Undergrad: 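Before I ask anything, here is the structure I am working with.
Predicted, not measured: the structure shown is a model, and the values here were computed from it. Protein chains get the first letters and strands the later ones, always in sequence-line order, with residue 1 at the start of each. As a basis for the values below, the full set of heavy atoms in this structure was taken, side chains included, without hydrogen atoms, waters or symmetry mates.
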There are 2 protein chains.
Amino acid sequence: MTLSEEDYIKAIYHLSKGKTAAVSTNAIAAQMDTKPSSVTDMIKKLSEKNLVFYKKYKGVSLTESGSSSALAIIRKHRLWEVFLVEKLDFAWDEVHSIAEQLEHIKSEKLIDKLDVYLGSPKVDPHGDPIPSKDGKFKKSIKKLVSELPIGAAGICVGVNDSSAAFLKFLDKNKIALGDTLQILDKEEFDGSVQLKTSHATIRISSQIASNLFLEVSENQ
Amino acid sequence: MTLSEEDYIKAIYHLSKGKTAAVSTNAIAAQMDTKPSSVTDMIKKLSEKNLVFYKKYKGVSLTESGSSSALAIIRKHRLWEVFLVEKLDFAWDEVHSIAEQLEHIKSEKLIDKLDVYLGSPKVDPHGDPIPSKDGKFKKSIKKLVSELPIGAAGICVGVNDSSAAFLKFLDKNKIALGDTLQILDKEEFDGSVQLKTSHATIRISSQIASNLFLEVSENQ
DNA sequence: ATAATTATTTAGACAAAGCTAAAAATATGT
DNA sequence: ACATATTTTTAGCTTTGTCTAAATAATTAT
Ligand SMILES: [Mn+2]
Ligand SMILES: [Mn+2]
Ligand SMILES: [Mn+2]
Ligand SMILES: [Mn+2]
């Protein structure tokens with residue numbers, strides 16, 4: 001598989017995650033920041049290699065083989081992210097683009113040894129689960145503050161929008177990665193949320209609430 | 001610079017190291033395991049980008065810019081090799097092909113942090129020097145046993161030929177990476193060498209002697 | 001000084017991955 | 001149901017990096 005094929009397979013995986021329907025050409029083009037015509041070309045190639053099911057005009061979905069390839073790439077991506085943050089001291093919002101490159105390094109032994117070296121982590125620095133070597137992982141336990149019910153608590157593991165303005169807001173309110181946060185109240189009218197942080201109780205707007213991810217315990 | 005351009009620049013660097021003459025098209029083709037016509041094509045592109053001096057039929061040599069690019073890639077290659085051996089516990093003869101991929105990852109910050117994490121090593125696992133960020137390094141102090149005079153001693157840092165047969169020979173004679181070896185005598189007739197190892201005094205053939213690298217102190 | 005050999009370059013082709021513009025299929029609104 | 005809009009595909013072109021075969025330059029041998 002070429003680097004580009006790997007990125008397409010990964011994009012298709014992420015787009016079909018959750019949903020059951022086939023993924024559309026335009027959706028892939030948007031995700032990959034490329035043109036629909038290029039996507040059609042690539043889809044044909046992936047179909048030829050039995051990585052996707054493809055019916056003209058009917059969208060695309062991963063085969064068994066495509067799905068396990070996607071999981072292998074995601075495993076590499078997230079293990080490298082852990083390495084960058086834990087060992088090289090990168091900030092969690094700097095590692096994605098580097099891991100986007102490292103995920104394509106070809107050596108099974110390298111990933112096995114990296115996994116051992118990192119202590120076989122189960123989640124990456126953004127709270128996303130790391131698939132095991134055979135492609136299994138706990139279903140995502142990462143939720144937006146806006147999706148959680150009153151009373152729910154969790155560990156802050158990431159943001160949707162990592163703009164400077166938003167990160168500044170978190171800083172000002174002393175919210176950091178790893179902090180435990182609890183939802184005290186939700187205002188139905190405007191979607192604002194009353195949040196208990198490690199330092200204070202604050203009220204955040206619905207925009208903020210739908211940008212902040214918490215890792216919550218399994219049964220939420 | 002593309003991955004392929006980087007590999008060509010590195011090959012030209014290695015081929016012109018030591019020698020003053022320009023590097024020939026055929027030499028590059030042999031080193032890169034490709035065809036001379038492909039080399040000519042690539043050389044034109046590199047020349048266009050001012051990475052090499054090129055005169056038709058007269059060979060090629062690196063410009064200042066080409067040379068510093070080569071050193072940056074070599075720095076990355078060797079730092080990753082140190083990482084693989086020191087941190088991931090790879091054997092020194094397994095790391096080259098993986099580093100051949102890792103050397104192309106683009107992120108200055110990544111290499112700076114990797115360097116710090118490894119304690120700014122000065123040599124790679126094969127005894128080759130690691131250029132500093134600004135492209136400086138001690139000239140190679142790695143010599144073949146066959147090139148050294150009687151009396152010289154050094155640390156075993158590598159082999160030319162890593163065939164199973166040769167590695168088996170080293171194993172049988174209890175010669176390992178990091179061992180100190182000393183040349184006790186050289187036979188002019190057949191080039192064989194009497195060698196003091198950590199465990200015994202042995203006689204090695206000229207083939208062996210020209211396959212075994214020692215790191216010797218600067219003034220040898 | 002020629003002739004033969006070797007090295008290098010050119011010409012033309014191909015596969016991968018992308019693009020634009022146009023055509024065809026599907027979906028939507030009235 | 002039909003016209004309009006949207007989505008998807010096709011056709012044709014570009015760039016990068018490779019190849020083979022042929023042409024040309026440089027070197028070596030007689
Ligand atoms: Mn990628
Ligand atoms: Mn991640
Ligand atoms: Mn390389
Ligand atoms: Mn090395």
Undergrad: Rounded to whole Å, how long is the line connecting atom NZ of B/Lys44 with atom P of C/dT8?
TA: 14 Å
Undergrad: Roughly how far, to the nearest 0.5 Å, is the OG atom of B/Ser65 from the CD1 atom of B/Ile9?
TA: 7.5 Å
Undergrad: Touch check for A/Thr40, heavy atoms < 4.0 angstrom, all strands: base, sugar-phosphate only, or nothing?
TA: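 Result for A/Thr40 = base.
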Undergrad: Between A/Leu3 (CG) and C/dA17 (C1'), how many Å, whole number?
TA: 11 Å
Undergrad: Using a cut-off of strictly less than 4.0 Å, decide whether B/Thr34 has a side-chain nitrogen or oxygen near OP1 or OP2 of D/dG17.
TA: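 Looking at the OP1 and OP2 atoms of D/dG17, neither is under 4.0 Å from any side-chain N or O of B/Thr34.
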Undergrad: If the condition is side-chain contact (heavy atoms from CB on, under 4.5 Å), which residues does A/Glu6 pass it with, not counting sequence neighbours?
TA: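 Expected list: A/Met1, A/Ile73, A/His104, A/Lys106.
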Undergrad: Tell me, which of residues 5-13 of chain A have any heavy atom that sits under 4.0 Å from an atom in DNA chain D?
TA: none
Undergrad: Whether B/Asn26 contacts C/dT8 is assessed here as follows: a side-chain N or O lying under 4.0 Å from the phosphate OP1 or OP2. Is that the case?
TA: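 Looking at the OP1 and OP2 atoms of C/dT8, one of them is under 4.0 Å from a side-chain N or O of B/Asn26.
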Undergrad: Among residues two or more places apart or on two chains, list those pairs meeting ring pair (Phe, Tyr, Trp, His ring centres under 6.0 Å) that have a residue in residues 3-53 of chain B.
TA: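 Qualifying pairs, neighbours excluded: none.
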Undergrad: Out of B/Val85, B/Asp93, B/Leu84, which one pairs with B/Pro125 under the side-chain contact (heavy atoms from CB on, under 4.5 Å) rule?
TA: B/Val85
Undergrad: The criterion is salt bridge (charged side-chain N to carboxylate O under 4.0 Å, His left out); which residues satisfy it with B/Asp115, sequence neighbours excluded?
TA: B/Arg75
Undergrad: Got a list of protein N/O to nucleotides 20-22 of chain C N/O distances below 3.5 Å?
TA:
{"from": "C/dT20", "atom 1": "O4", "to": "A/Ser37", "atom 2": "OG", "distance (Å)": "3.0"}

Undergrad: Just jot down the side chain to side chain donor-acceptor pair (under 3.5 Å) partners of B/Glu108, sequence neighbours excluded, or say none.
TA: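 With neighbours one apart ignored, the set is B/Lys133.
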Undergrad: Enumerate the ring pair (Phe, Tyr, Trp, His ring centres under 6.0 Å) contacts for residues 56-83 of chain A, please, sequence neighbours excluded, ordered by first and then second residue.
TA: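 Checked against ring pair (Phe, Tyr, Trp, His ring centres under 6.0 Å) - neighbours excluded - the pairs reaching residues 56-83 of chain A are A/His77-A/His96, A/Trp80-A/Phe83, A/Phe83-B/Phe83.
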Undergrad: Select from A/Asp33 and B/Thr25 the residue whose nearest nucleotide in DNA chain C is closer to the 5' end of that strand.
TA: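 Final value for this comparison: B/Thr25.
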Undergrad: Short of 4.0 Å, heavy atom to strand atom, which residues of residues 48-60 of chain B count as contacting DNA chain C?
TA: B/Tyr54, B/Lys56, B/Tyr57
Undergrad: Taking 4.0 Å as the cut-off, does a side-chain nitrogen or oxygen of B/Ser4 come that near to OP1 or OP2 on D/dT18?
TA: yes
Undergrad: Sort and list the pairs that fulfil side chain to side chain donor-acceptor pair (under 3.5 Å) and have at least one residue in residues 29-51 of chain B, not counting sequence neighbours.
TA: B/Glu5-B/Lys49
Undergrad: Going by the rule side-chain contact (heavy atoms from CB on, under 4.5 Å), which residues pair with B/Asn211 if we only count those two or more places apart in sequence or in a different chain?
TA: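 Only B/Asn160, B/Asp161, B/Phe166 meet the side-chain contact (heavy atoms from CB on, under 4.5 Å) criterion with B/Asn211.
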Undergrad: Taking atom C1' of D/dT8 as reference, at what distance in whole Å does atom CG of A/Asp41 sit?
TA: 12 Å
Undergrad: What residues, two or more places apart in sequence or in another chain, satisfy salt bridge (charged side-chain N to carboxylate O under 4.0 Å, His left out) together with B/Lys136?
TA: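 Listed in chain order: B/Asp134.
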Undergrad: Got a sec, which residues hit side chain to side chain donor-acceptor pair (under 3.5 Å) with B/Lys186, two or more places apart in sequence or on another chain?
TA: none
Undergrad: When you measure from the side-chain N and O atoms of B/Ser24 to the phosphate of C/dA7, is any distance below 4.0 Å, counting only OP1 and OP2?
TA: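 So the side-chain polar atoms of B/Ser24 never come under 4.0 Å of the phosphate oxygens OP1 or OP2 of C/dA7.
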Undergrad: Please report, rounded to the nearest Å, how far the C1' atom of C/dG18 is from the CE atom of A/Met42.
TA: 10 Å
Undergrad: Would you mind reading off the distance between B/Lys45 atom NZ and D/dT15 atom C1', rounded to a whole angstrom?
TA: 8 Å
